[in-house]
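Single-structure report; data block below.
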Amino acid sequence: MTLDFKPDEIEMARRVEALLFAATGPLSLVEIARRLPEGADVAAAITDLQTQYAGRGVELECVADRWRFRTAPDLGFLMTEEREEPRRLSKAALETLAIIAYHQPVTRAEIESVRGVSISRGTLDLLLEMGFVRLRGRRRTPGRPVTYATADRFLEHFGLASIHDLPGAAEMKAAGLLDLSLPTGFEVPDPSRGMDADDEDPIEDGDTPEFAQDFVGD
Amino acid sequence: MTLDFKPDEIEMARRVEALLFAATGPLSLVEIARRLPEGADVAAAITDLQTQYAGRGVELECVADRWRFRTAPDLGFLMTEEREEPRRLSKAALETLAIIAYHQPVTRAEIESVRGVSISRGTLDLLLEMGFVRLRGRRRTPGRPVTYATADRFLEHFGLASIHDLPGAAEMKAAGLLDLSLPTGFEVPDPSRGMDADDEDPIEDGDTPEFAQDFVGD
Amino acid sequence: MTEAFQPNLDFTAVEQIDAGEAFVVDLDGYEGPLHVLLALARTQKVDLLKLSITRLAEQYLAFVHEARRRNFSLAADYLVMASWLAYLKSRLLLPRTEKAKGDEPPAEQMAAALAFRLQKLEAMRTAVEAITSRPQLKRDVFTRGDPQATLIVPSDRIDASLYDLMSAYVTQRRREQARHYNPGQRIEAFGLEAARDWLREVLPRLSDWTPLDRVAPERDATGDGPTQASYLASTLSASLELVKEGAMDVRQDQPFEDVWLKRRGLGQALELTP
């Protein structure tokens, strides 16, 4: 199958090009040479290809003495696909966020006591990851549970200047959310009240691993 | 994320090149355009790249109306490690595949009428399983027989841009060889099945669940 | 013609025969009469359209004869084709003056049709060669061995309004309330017996028409015990009983107006109310 004539340099570059393209990983000069006629100058072919590909959308790159093609670094943004559709928060996430917003600082157990169901680990993780919620401190109660509060992105997203501007019972009534079936003793807590809660310790930097534990321990 | 300046043609070719290189499968012009600034002339960039890559170790090719880079056909012998032992198709399977490809959409009875023998169930199953053939619809004739057509994978495997590019199809068509309606007196007695006098009606309806059912019940 | 991989012999007849027994005839790879005919026609080395059907028929019959001579049991297809070809050949050889019987097409037309059919099969065989000689994926050509997967970055935008937040909050608080709902204590009512006793007690003082709410007992200032509504309702019920007994009269001038009560004097005539 191999050709009888000694392939010239262009042919050699073609072969190296094809080999590197089809390879499932980076190839060393030795690995390439093994598939070429004896005495082939692989290094020259590589240099040749590198020149040919310089500045193009695809470039030849050397990693740990092995060669591979990869797309030009400045075009990396093309390989990411941003979803245009805004994400809808799940009902659970929105409800959890609402409780944290109105009752902050609030522990997971407290959130669950209002919701009546346990929160899945993913829900809090998602809110943390989105920057809507932050870990605020540790309640000075047995077990020292972590407390949650809203983060800046929450205010930004809902267009609130401060947490004081979170609509209270009056606004809820005006929006038709509170009606005659209003439970007696229904109160919307003032979220700014907890801002200087003195029943908790600040989160320390070294605390982070414990949070993870807290999640896992869910 | 996108750049403000309208990238010139070279930049456009770079981007298309990078996208096609990075893709796991062939990309359509639309799929490429979606990642590029609006109004980008993808077709021009493709033509440009096709010229640039002509004769090299890697070439740009159109399969099933999509574009992909692939190694030059004459260098296949180098890819000893990448080569997969192809599943060898029996003569019966290949003939069946060819009949489906050139006559699609075609019913089983029509395939059998061309081959003069009945197709064993396994032959069609194998072609379906390999993704070369798909169920296409149902002929609007008594019994509503299922019709078969080739799938994209067939075009991708044999490097065909579309079914119109099947070798010799135009000549066969001109000679009337692809016509399934047989001239009078054409029927050669065939004990393997009853005379098939299917009226041709190319209209299909897409009742997928029934296909599956039919297929299972076959 | 030998196939390394041929799981399906396309013979219905063959499938019913034990493997290794009689019909092992691959017949040199001919899958059916048409395939045999095509192979024979090729040996004539002529354009399929100019094919001599009579010669073809002869060859086919010889083929079948040879196969049978070698003690192969032939599939029905082969035998039916053989007899049909013999018939066609005889018709082609017979003088043409004789009119074809019934609906039967002229022998020439049948022969042409057969030739055409062979041509069609031949075309497909050529097509197989043409297709399979193309560069095949992963045999002759290879795509990128290590493609870069596209990174999907989820949208940063969240679809949630302040209203959604508020209603999510209220919904939950309401649910919480419902969860904590406690049927609690039974509502204490002013018993009918007690109301009757009470009414009999105050009856002597009702010499004039007196509004019901002034007859009914006042609710305890502490807020304990039955509600005022209960006092009113039970007193009204008891008063109706006393009316029935003839001890008092009850009057209401208009719907929703006050209800008036008055003691009935002994021997006093029943006062009809409007």
Side-chain angles (χ1 to χ4, degrees), chain B residues 21-26 59 61 68-73 76 79 82-84 86-95 97-99 101-102 114-123 126 156-160 166-169 172 175-178 182-192, chain C residues 1 3-13 15 29 31-35 37-38 75-77 79-81 83-84 104-106 109-110 112-114 116-117 119-145 147-150:
Chain B
F21 236 80
T24 48
E59 291 172 344
E61 174 190 56
R68 72 172 176 206
F69 279 115
R70 58 139 175 81
T71 57
M79 314 301 161
E82 288 77 15
R83 185 172 304 131
E84 280 178 12
R87 205 164 176 177
R88 284 209 54 179
L89 285 173
S90 68
K91 197 174 66 178
L94 280 171
E95 259 181 36
L97 181 60
I99 293 166
Y102 283 82
V114 176
R115 298 199 66 230
V117 281
S118 59
I119 324 172
S120 80
R121 196 186 144 186
T123 304
L126 181 72
E156 285 170 21
H157 185 88
F158 292 102
L160 294 162
L166 283 168
M172 288 184 205
L177 289 171
L178 300 186
L182 310 175
T184 44
F186 204 88
E187 285 87 16
V188 173
D190 182 351
S192 63
Chain C
M1 279 288 194
E3 292 289 333
F5 172 65
Q6 189 165 11
N8 317 304
L9 275 176
D10 286 348
F11 281 123
T12 11
E15 282 164 10
E31 288 198 59
L34 274 188
H35 291 76
L37 281 169
L38 183 59
D77 308 34
L79 299 175
V80 173
M81 179 61 86
S83 54
W84 186 78
E104 214 153 79
Q109 200 175 320
M110 289 164 76
L114 175 61
F116 188 72
R117 197 161 169 185
Q119 210 188 355
K120 208 165 155 60
L121 182 59
E122 171 74 2
M124 285 303 108
R125 295 214 142 174
T126 317
V128 166
E129 277 162 38
I131 291 173
T132 52
S133 63
R134 291 185 63 83
Q136 285 181 49
L137 194 62
K138 288 184 175 162
R139 187 191 76 178
D140 310 298
V141 297
F142 298 84
T143 51
R144 183 93 193 267
Q148 292 154 252
T150 306

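Chain letters run A, B, ... following the sequence lines, proteins first and then strands; every chain starts at 1. Remember, predicted model here, so these are calculated numbers, not experimental data.
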Exercise for review: Could you walk me through whether L121(C) and E95(B) pass the side-chain contact (heavy atoms from CB on, under 4.5 Å) test, one step at a time?
Suggested key: CA-CA 9 Å; L121(C) 182 59; E95(B) 259 181 36; 3.9 Å; yes

Review point. Side chains of L37(C) and M81(C): does their closest heavy-atom pair fall under 4.5 Å?
Key: yes

**Study point:** Min side-chain heavy-atom separation Y102(B)-K120(C) under 4.5 Å
**Key:** no

Revision key, fill the gap. Counting heavy-atom pairs under 4.5 Å with chain C, the top scorer among L97(B), L166(B), I99(B) is I99(B)

Revision key, fill the gap. Distance col, row L126(B):CG vs L89(B):CG, nearest 0.5 angstrom, shows 6.0 Å

Exercise for review: Could you look at L178(B) and say if it's the side chain, the backbone, both or neither that has a heavy atom under 4.5 Å from chain C?
Suggested key: both

Review point. What part of F69(B) lies closer than 4.5 angstrom to a heavy atom of chain C: side chain, backbone, both or neither?
Key: backbone

Check your understanding: Between G76(B), A169(B), G25(B), G168(B), which has the largest tally of heavy atom pairs under 4.5 Å with chain C?
Key -> G76(B)

**Study point:** Audit row: L34(C), R115(B), side-chain contact (heavy atoms from CB on, under 4.5 Å) steps and yes/no
**Key:** CA-CA 7 Å; L34(C) 274 188; R115(B) 298 199 66 230; over 6 Å; no

**Study point:** Lys/Arg N to Asp/Glu carboxylate O, K138(C) vs E82(B), below 4.0 Å
**Key:** no

**Study point:** Proximal component of M79(B), with respect to chain C [non-hydrogen, under 4.5 Å]
**Key:** both

**Study point:** Part of A72(B) lying under 4.5 Å from any heavy atom of chain C
**Key:** backbone

Exercise for review: Give, as side chain, backbone, both or neither, the part of T126(C) having an atom under 4.5 angstrom from any heavy atom of chain B.
Suggested key: neither

